[in-house]
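Both backbone and side-chain heavy atoms feed into the values below; hydrogens, waters and symmetry mates do not.
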Amino acid sequence: MTLPNWRSLLFVPVTAERFVAKAHTRGADVIILDLEDSIPPPEKDTARAALAAAAAVVGQGGAEIAVRINRQLEIAIPDIAAAVMPQVTALMLPKVMGPEHIRLLSEVVGAREAALGLPIGHTRFIALVETPQALPHLYAIAAADPRMAAMAVGSEDLSTELEAVPGADMLYHFGMMVVAATRAAGILPLGSIGAFADFNDLDGYRAALKRSRRLGFACTSCIHPLHVPIINEEYGVAPAEADRARRLIATFDEALAKGAGAVAFEGAMIDLPVVERARRLLARAR
């Protein structure tokens, strides 16, 4: 499957009508309609019934639509039955336990796709690892199924399980494990390293995203629309960056045609690894 070119994923509670109504104006690449933490247990059936109408509203601006389901199997099965539809291209799977968990849910999703006449594989997976027990299985989870598109560590839940305070210190080690596991599997590392409790600290948020992008993260989710344009800027490719990458590649290709394996470019020597980074940057450009 082609790797999605996501930067920002915005959570929206599916039953919050005023948030649903404005979601398509926020500029997020993906709108995540939430059936999990933002929906109290007595409201789960109501939330499932609201999915189709909400998907039609949030998708009108061109964003992809994902649905975060619940982990408990007796709740996840009806979540999947309600969420798999032509408009929804991904499911976010919370508290993933291991690769077998992914494969089990893939089988359920495949049956639902077949029942609806959708292509098998239409629905991608975004896995959230949120328990210490799942951490040793990061590589296996990332590569568990062709549906896998992205993986993240759920900082709040994992911090609670570890009796730790969420923040850059706690997240760094596990975040880098996610980057390595996802890149090895050819999927997207989702997330960032920082503490973002204060929605109004936009400068601090931007600084944490800059650091996280340098560490290899490709996209991240947020719950506040103020964060969407900052994510798109920091996890996207600026026109000046794309232009420099094109010039760098052209310079190297010209040198390569003359038999040189390295060449000077704007005050630095460039070779194949540098050129590969430039090609990957251009692949993310919009």
Heavy-atom neighbours of Glu107 CD exceed 12 at 6.0 Å:
no
Leu190, Tyr139: one ILVMFWY side-chain cluster at the under-4.5 Å cut-off?
no
Show the numbers, then the answer: is there a side chain to side chain contact (heavy atoms under 4.5 Å, CB included) between Val12 and Asp34?
CA-CA 6 Å; Val12 177; Asp34 190 27; over 6 Å; no
Hey, mind stepping through Arg247 and Asp253 against salt bridge (Lys or Arg N to Asp or Glu O under 4.0 Å) and telling me if it holds?
CA-CA 10 Å; Arg247 296 198 314 273; Asp253 287 345; over 6 Å; no
Could you tell me which non-hydrogen atom of Ile223 sits nearest to which non-hydrogen atom of Pro225, and how far apart they are?
O-CD, 4.1 Å
Decide, yes or no, whether a salt bridge links Glu233 with Arg206 under the criterion of side-chain N to carboxylate O below 4.0 Å.
yes
Below 4.5 Å, heavy atoms only, C-beta onward: do Phe11 and Ser221 meet side chain to side chain?
yes
Which distance, rounded to the nearest 0.5 Å, do you find between the CD1 of Ile77 and the CG of Asp79?
9.0 Å
Hey, is CG on Asp169 packed in by over 12 heavy atoms from elsewhere, all under 6.0 Å?
no
Donor-acceptor pair, Asn232 side chain versus Gly27 backbone, under 3.5 Å?
yes
So CZ of Arg280 and CD of Glu276: to nearest 0.5 Å the spacing works out to 4.5 Å
For the residue pair Gly175 and Phe217, what are the closest heavy atoms and their distance?
O-CZ, 3.6 Å
Side chain to side chain, Val96 and Leu128, heavy atoms closer than 4.5 Å:
no
Which donor-acceptor pairs under 3.5 Å do the side chains of residues 118-126 make with protein atoms, sequence neighbours left out?
{"from": "His122", "atom 1": "NE2", "to": "Met85", "atom 2": "O", "distance (Å)": "3.3"}
{"from": "His122", "atom 1": "NE2", "to": "Pro86", "atom 2": "O", "distance (Å)": "3.3"}
{"from": "His122", "atom 1": "NE2", "to": "Val88", "atom 2": "O", "distance (Å)": "3.0"}
{"from": "Thr123", "atom 1": "OG1", "to": "Glu113", "atom 2": "OE2", "distance (Å)": "2.8"}
{"from": "Arg124", "atom 1": "NE", "to": "Arg147", "atom 2": "O", "distance (Å)": "3.4"}
{"from": "Arg124", "atom 1": "NH1", "to": "Thr2", "atom 2": "O", "distance (Å)": "3.1"}

Full working for salt bridge (Lys or Arg N to Asp or Glu O under 4.0 Å) between Arg71 and Glu36:
CA-CA 8 Å; Arg71 193 212 62 80; Glu36 195 211 17; over 6 Å; no
Carefully, step by step, assess Glu234 and Arg213 under the rule salt bridge (Lys or Arg N to Asp or Glu O under 4.0 Å).
CA-CA 7 Å; Glu234 298 303 332; Arg213 179 66 199 114; over 6 Å; no
Pair Leu215-Ile193, side chain to side chain contact (heavy atoms under 4.5 Å, CB included): steps then yes or no:
CA-CA 9 Å; Leu215 291 172; Ile193 293 176; 3.8 Å; yes
Heavy-atom side-chain contact between Ser192 and Tyr235 under 4.5 Å
yes
More than 12 heavy atoms of other groups within 6.0 Å of Phe19 CZ
no
When every non-hydrogen atom of Leu35 is compared with those of Arg48, the smallest separation belongs to CD2-N, 4.1 Å
Is Lys44 close to Asn70 at the side-chain level, that is, under 4.5 Å between some pair of heavy atoms?
yes
How far apart are the C-alpha atoms of Phe265 and Arg244, what are their side-chain angles, what is the distance that settles it, and do they pass the side chain to side chain contact (heavy atoms under 4.5 Å, CB included) test?
CA-CA 10 Å; Phe265 175 76; Arg244 183 181 185 276; 3.8 Å; yes
Any chance CE of Met97 has more than 12 other-residue heavy atoms, nucleotides or ligands included, within less than 6.0 Å?
no
Side-chain contact, heavy-atom cut-off 4.5 Å: Glu130 with Val153?
no
Quick one: do Phe252 and Leu272 satisfy side chain to side chain contact (heavy atoms under 4.5 Å, CB included)? Show the steps, please.
CA-CA 8 Å; Phe252 181 80; Leu272 275 174; 3.8 Å; yes
Grab the two heavy atoms, one from Val20 and one from Pro13, that are nearest each other, plus how far apart they are.
CG2-O, 3.7 Å
Testing Arg284, Arg277, Arg279 one by one against Leu281 for a side-chain contact (heavy atoms from CB on, under 4.5 Å), which residue passes?
Arg284
Can you confirm whether Arg286 is buried at CZ, in the sense that more than 12 heavy atoms of other residues, nucleotides or ligands lie under 6.0 Å from that atom?
yes
Counting only heavy atoms from other residues, nucleotides and ligands, does the tally under 6.0 Å from CD of Gln60 exceed 12?
yes
Could you tell me whether the side chain of Asp201 and the main chain of Gly204 form a donor-acceptor pair under 3.5 Å?
yes
Results of salt bridge (charged side-chain N to carboxylate O under 4.0 Å, His left out) for Glu161 - residues two or more places apart only:
none
Do any N or O atoms from the side chain of Glu254 and from the backbone of Thr251 form a donor-acceptor pair under 3.5 angstrom?
no
On a heavy-atom basis, which atom in Pro132 and which in Leu162 lie closest, and how many Å separate them?
CG-CD2, 3.8 Å
Quick one: are Ile65 and Leu33 in side-chain contact, heavy atoms under 4.5 Å?
yes
Is the side chain of Ser159 donor-acceptor paired with the backbone N or O of Ser155 at a distance under 3.5 Å, no angle test?
yes
Flag the pair Arg68 / Leu93 as yes when at least one side-chain heavy-atom distance between them is below 4.5 Å, and no otherwise.
no
Connected via hydrophobic side-chain network under 4.5 Å: Val237 and Leu3
no
Would you check if Ile69 and Ile75 make a side-chain contact, meaning some heavy-atom pair closer than 4.5 Å?
no
Would you find a donor on one side and an acceptor on the other, under 3.5 Å apart, between the side chain of His173 and the backbone of Met170?
no
What heavy-atom pair brings Pro94 and Met92 nearest, and what distance separates the two atoms?
CD-O, 3.4 Å
